[in-house]
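A short worksheet on the structure shown next.
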Amino acid sequence: MYTFEKEYNLMKQHLEELILAALNTLQAQGEFSLSSIPPLQIDTTKDKQHGDFATNIALVLAKPLQRKPREIAEKIVHALPVSPNVAKVEIAGPGFINFFSSMQALSDVVPAILAAQDKFGHCQLGQSKRVHIEFVSANPTGPLHVGHGRHAAYGDTVGNLLKAVGFSVHKEYYVNDAGRQMDILAASVWLRYLTLCGETIIFPTNAYRGGYVVDIAKVLHAQQDKRLHMAAAVVFKDLPRDEPEGGDKEEYINALIIRAQQLLGDGYKVVFDCGLHAIQQDIHDDLVELGVVFDTWFSERDFIKTDVVNNLIATWKQQGYVYEREGAYWFRSTDFGDEKDRVIERSNGQRTYFANDAAYHIDKFHRGFDKEVWIVGADHHGYVPRVRAALQAGGIDVNNFSAQLVQFVTLYRGKEQVQMSTRGGEFVTLRELRAEVGNDAARFFYVMRKCEQHMDFDLDLAKSQSNDNPIYYIQYAHARICSVFRQLAERGGQYDQTIGLAHLHLLTESYERQLLTRLGHYPQVIANAALQYEPHLLTHYLRDLATDFHAYYNSHQFLTDDIGLRYARLALITATRQILINGLKLIGVQAPDSM
RNA sequence: GCGCCUGUAGCUCAUUCGGAUAGAGCACCGGCCUUCUAAGCCGGGGGUAGCAGGUUCGAGUCCUGCCAGGCGCGCCA
C-alpha cells in the first residue's frame, strides 16, 4: 500500500542520501573540514523553474566553511552520485541546489494512486493514537447559527484529516445542559405556553425570543394541554421590574425562573426537558444533514451527577491546589501560568462552570485519550490558560492538548452586515444557510480560511451559484473527467489501464509534468493539513489541482488515435479524479459525475 | 489599563519549521467554442506585506516599540 513515508519521502530520502554521499566525499578529499554535518533541509519548490526539490545546504555551510555559498554548491553538485531519479541539478539564486526529478520518478505516482485508490495520501503518522476532538458544543438554547456551522465544518474536517494520517479519532459534542441559560429557556418556553393557554403575557427582555420557542411551546401545549397552566396574575405577582420599567433584566428573569420552579414543582422539569430535547434533536439533525456525525454527545448534567467533579476538587484541596478565600474556594491556576486564580466553588456552595469544565477536560484523558483537540470560539481565548492550568494540575502533559480558536463569522447580504443575536430572534440559522447555498458550498466555504482568521460570509455571493464559487470549479474538474470516459464509451472505446500504465513514458508534455508533480504533493498536503489543523491547505491544493487539470484539458486531446498515449493520459486523469474525490471527501463535499 | 488574535493587490485570502522575482480567486482590460461540458483556457495591468527599528547569508514570517481593528479580562455559562 502507498504510504506517506514509503513513497513521498522516498524521493527526499533519496536526495538526502545523494547529498550526504557528496559531503562525505568532499570531507574525505579534504575539500571540506566540517566537525559535524548539519541536518539537511530538502523542500519541495514553489516555482517549477527551481525544479522539484531544493536544498539550502550550501547557504547553511557558508558560515562554518568561511566560503561563498555558490562555490560550496558547485563542489557539492560535482560530487553528487548519478541517479536515474534525478534528471538535472542546478545551482541558483544565492546558492540553492535545485533538483529536477526525472519523468520516470514523477510518473510513479500514477500507479501508486491507482493501486491505493481512496487510501492514497493516508499514512500512519498518528500511530493509531486516540485523539479526542471536541467541537460545536453550542448551548442547547436555540438552533445552530452560521457561526456554529463554521465550527462544525472545521472540526469535522480536522477529524477526517487526523483519521487519514493514522489517528484513532473520537468526535464529541459537550452539551452544556446544566447552566442558567437552560433555565431561561425553560422559562421562555413556559411563558409562550401560557400565551397559548390564553394568558396575556409581556415577554421578558432577557428571555429567548426566537420563533422556535413558540414552536416548542406548541408541542408542550399539545402534550400537556392545560396541565401546566397558571394565571398570569399569579405568575407575575410581586416580581421585580424588568428593564423597560427601569429594573434589571437579569434580576427579573432570575426571579421569574424561581417563580416558575415554585409554581410548577415537578412540572418544571417537564417544561425544561421539553425545551432541551427539542433543541438538542434539532441540532443533532441539522449536523447530520451537514454530514457531521458525533461519536458521543456528552451531557454536562449527567457528568456532574457522577463523583468526578467532587473527587477532583477534593484531590486538589488535598494537594494544595485549592485554597479558601472570602468564603469561596479558589484554584491556584496562577501556579500554572494563568493570570489570576479561579473560583471553583462559590461561597454559596455551588460549583462554578469552570469546576465542571476542568474536570471534564481532565476526564477526557482518564477516559483513555492520548491527545485532545479542543475547538472553541475565539471569544473563549481568555479561558484557555485556565483549562491548560487545570490539565497540568491534573497531571496531564499539556503537549497533548491543543486549543484551536475559531474566529467569528460575519454575515453580509451584499454590502450590508447582518446583525446576529441569539436572543434577538433575528439571526440566520445554519439550516437557512444550507438551504440557500447547499451543503457542499457551505462546508467548502467554511474551511477555506484559517480558523483564526475572521470570516466574512456574503450570503448573496454564496447564494448566487455563479462561477465565483470555487467549489464548482473543483467539482467541474471531476465532472469533466467523468465526461471524457463517457465520450470514450460513446465512441466504442474500452479503457485499458494496463496499457495505460505501460505507456506512462509517453507523458512528456509540460502540462503532464505539472499535473504529475501536483499529484505527488498530495500526501504531504494531507499530512501538513492534519498535523497543523489547517484544512484550508487542502482546499487550496484542490483548487490548484483543478487548475492544472483544466489547463491540461484545454491544451491536449486525451482521446487520441494513439492507443498507448490515449490510455496513458486516461490513466493520468483517472489518478487525478481519484485525488479530487479523496480530497473532497475529507472536506465532506460531493464529487458529482456531471454538472 | 492588561492579555490574546488580526493587519499582504480595489475586494476576499494564500505564502509548506526564516528561503529565491510575495502568489491565487473575484473585479478590470484583451484574446479562444465545426474538435473530450466555455461552470473552462490563454495573455495583461495592478504591491513601501500597518509604521519604525533589531536579529542574519537571507524577514510577510522571529524579537522590540508604536498605529488600527476584533475579542477577552465575573463567586456568568
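Residue numbers begin at 1 in each chain, while the letters A, B, ... track the order of the sequences. Quick caveat: nothing in here was measured; it's all calculated off a predicted structure.
- For A:H540 and B:U16, the shortest distance from a side-chain N or O to OP1 or OP2 is not below 4.0 Å.
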Check the pair A:F336 / A:Y321 against ring-ring contact (aromatic ring centres under 6.0 Å, His included), numbers first and verdict last. CA-CA 10 Å; A:F336 305 98; A:Y321 291 142; 5.5 Å; yes
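- Between B:C33 and B:G50, the distance separating the two C1' atoms is 46 Å to the nearest Å.
- Only the P atoms considered, B:U8 is 27 Å distant from B:C41, to the nearest whole Å.
- Between the NE2 atom of A:H50 and the P atom of B:G23 there is a distance of 10 Å, rounded to whole Å.
- Rounded to the nearest 0.5 angstrom, A:N439 CG and A:L433 CG are separated by 9.0 Å.
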Please write out each protein N/O paired with an N/O of nucleotides 55-63 of chain B under 3.5 Å, distance rounded to 0.1 Å.
| residue | atom | partner | partner atom | Å |
| --- | --- | --- | --- | --- |
| B:C57 | OP1 | A:K63 | NZ | 3.3 |

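- In this structure, A:N98 reaches the bases: a heavy-atom distance under 4.0 Å links it to at least one base atom across the strands shown.
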Shorter than 3.5 Å, N or O on both sides, protein versus nucleotides 3-7 of chain B: list them out with atom names.
| residue | atom | partner | partner atom | Å |
| --- | --- | --- | --- | --- |
| B:G3 | N2 | A:H381 | NE2 | 2.3 |

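- Base engagement by A:A479 is indicated by at least one non-hydrogen atom pair under 4.0 Å involving a base atom.
- Applying the side chain to side chain donor-acceptor pair (under 3.5 Å) definition to pairs two or more places apart or across chains, those involving residues 554-564 of chain A are A:Y511-A:S555.
- The minimum heavy-atom distance between A:I253 and A:P204, with the atom names listed, is CD1-CB, 3.9 Å.
- We find that CZ of A:F444 is positioned 14 Å from C1' of B:U12, with the value rounded to whole Å.
- Without hydrogens or angle criteria, A:R569 side chain to A:L506 main chain gives no donor-acceptor distance under 3.5 Å.
- Ring pair A:F549/A:Y553 is tilted by interplanar angle, where 30° to 60° counts as tilted.
- With both ends at atom C1', the span from B:G30 to B:U34 equals 24 Å, rounded to whole Å.
- If you look at A:Y154 and A:F135, their ring centroids are not closer than 6.0 Å.
- Base pairing in RNA chain B gives the following stems of 3 or more Watson-Crick or G-U pairs, range against range and under 3.5 Å: B:1-7 with B:67-73, B:10-13 with B:23-26, B:28-32 with B:40-44, B:50-54 with B:62-66.
- Counting to the nearest Å, the C1' atom of B:G25 and the OH atom of A:Y472 are 16 Å from each other.
- A tilted orientation is assigned to the rings of A:F558 and A:Y552, their planes being inclined by 30° to 60°.
- The shortest side-chain heavy-atom distance between A:T141 and A:I184 does not fall under the 4.5 Å cut-off.
- A:F549 places its CZ atom 14 Å from the P atom of B:A39, with the value rounded to the nearest Å.
- Comparing A:Y383 and A:S594 by the nucleotide of RNA chain B whose heavy atom lies nearest to each, the residue mapping closer to the 5' end is A:S594.
- Residue contacts for A:A54: at a heavy-atom cut-off of 4.0 Å it reaches a base atom on one of the strands shown.
- A:D544 contributes no side-chain N or O that forms a donor-acceptor pair with the base of B:A24 under 3.5 Å.
- When distances are taken from the side chain of A:Y553 to each of B:A38, B:C75, B:A14, the shortest belongs to B:A38.
- Within 4.0 Å of A:H478, counting heavy atoms only, lies no atom of the nucleic acid at all.
- Distance from the side chain of A:Q41 is smallest to B:C17 among B:A77, B:C17, B:C71.
- Without hydrogens or angle criteria, A:N56 side chain to A:F96 main chain gives no donor-acceptor distance under 3.5 Å.
- Nucleic acid contact class of A:I344 (heavy atoms, under 4.0 Å, all strands): none.
- Nearest-nucleotide positions on RNA chain B for A:N528 and A:D593 put A:N528 closer to the 5' end.
- Closest to the A:R449 side chain, of the nucleotides B:A20, B:C75, B:U12, is B:U12.
- Taking the C1' atom of each, B:A14 and B:U6 are spaced 15 Å apart, rounded to whole Å.
- Within the 4.0 angstrom heavy-atom criterion, base atoms lie near A:A92.
- As rounded to the nearest Å, B:G40 and B:U35 have C1' atoms that lie 15 Å from one another.
- Between the A:H148 side chain and the A:H145 main chain, a donor and an acceptor come within less than 3.5 Å of each other.
- If you take atom C1' in B:A59 and the same atom in B:A22, they sit 12 Å apart, rounded to whole Å.
- B:C66 has its base anti relative to the sugar, with a glycosidic angle deviating from 0 by more than 90°.
- The number of heavy-atom neighbours closer than 6.0 Å to CD of A:Q590, taken from other residues, nucleotides and ligands shown, is 12 or below.
- Residue contacts for A:R491: at a heavy-atom cut-off of 4.0 Å it reaches the sugar-phosphate backbone alone, with no base atom in range.
- Atom CD1 in A:I257 sits about 14 Å away from atom P in B:C76, given to the nearest Å.
- The distance from atom NZ of A:K340 to atom C1' of B:G72 is 11 Å, rounded to the nearest whole Å.
- Between the side chain of A:S347 and the base of B:C75, at least one donor-acceptor pair of N or O atoms lies under 3.5 Å.
- Taking atom CD of A:Q350 as the reference point, atom C1' of B:G74 lies 15 Å away to the nearest angstrom.
- Using a 4.0 Å cut-off between charged nitrogen and carboxylate oxygen, A:E250 and A:R180 count as a salt-bridge pair.
- Judged by distance alone, with hydrogens and angles left aside, the side-chain atoms of A:T45 form no donor-acceptor pair with the main-chain N or O of A:K48 at under 3.5 Å.
- With respect to the salt-bridge test (charged N to carboxylate O, under 4.0 angstrom), the residues A:K317 and A:E324 do not qualify.
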Pull out every protein N or O sitting under 3.5 Å from an N or O of nucleotides 41-44 of chain B, one pair per line with the distance.
| residue | atom | partner | partner atom | Å |
| --- | --- | --- | --- | --- |
| B:C41 | OP1 | A:Y473 | OH | 2.4 |
| B:C41 | O4' | A:N554 | ND2 | 3.0 |

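- No side-chain heavy atom of A:V376 sits less than 4.5 Å from a side-chain heavy atom of A:V406.
- The nearest pair of heavy atoms linking A:Y473 to A:H550 is O-NE2, 3.2 Å.
- A donor-acceptor pair is defined here as one N or O able to donate and one able to accept, closer than 3.5 Å; no such pair exists between the side chain of A:N98 and the backbone of A:A54.
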Polar-atom pairs under 3.5 Å, protein N or O versus N or O of nucleotides 29-31 of chain B: list them with distances, or write none.
none

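- Between the P atoms of B:A24 and B:G45, the separation comes to 12 Å (whole Å).
- A straight line from CG of A:D562 to P of B:C36 spans 20 Å, rounded to a whole angstrom.
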Carefully, step by step, assess A:Y360 and A:E172 under the rule side chain to side chain donor-acceptor pair (under 3.5 Å). CA-CA 12 Å; A:Y360 170 56; A:E172 185 160 287; 2.7 Å; yes
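- Between the CG atom in A:L545 and the CD atom in A:Q514 there is a gap of 10.0 Å [rounded to 0.5 Å].
- Look at the C1' atom in both B:C51 and B:G69: the space between them is 15 Å, to the nearest Å.
- Taking only side-chain atoms of A:F408, from C-beta outward, the nucleotide of B:G19, B:C36, B:C71 with the closest atom is B:C71.
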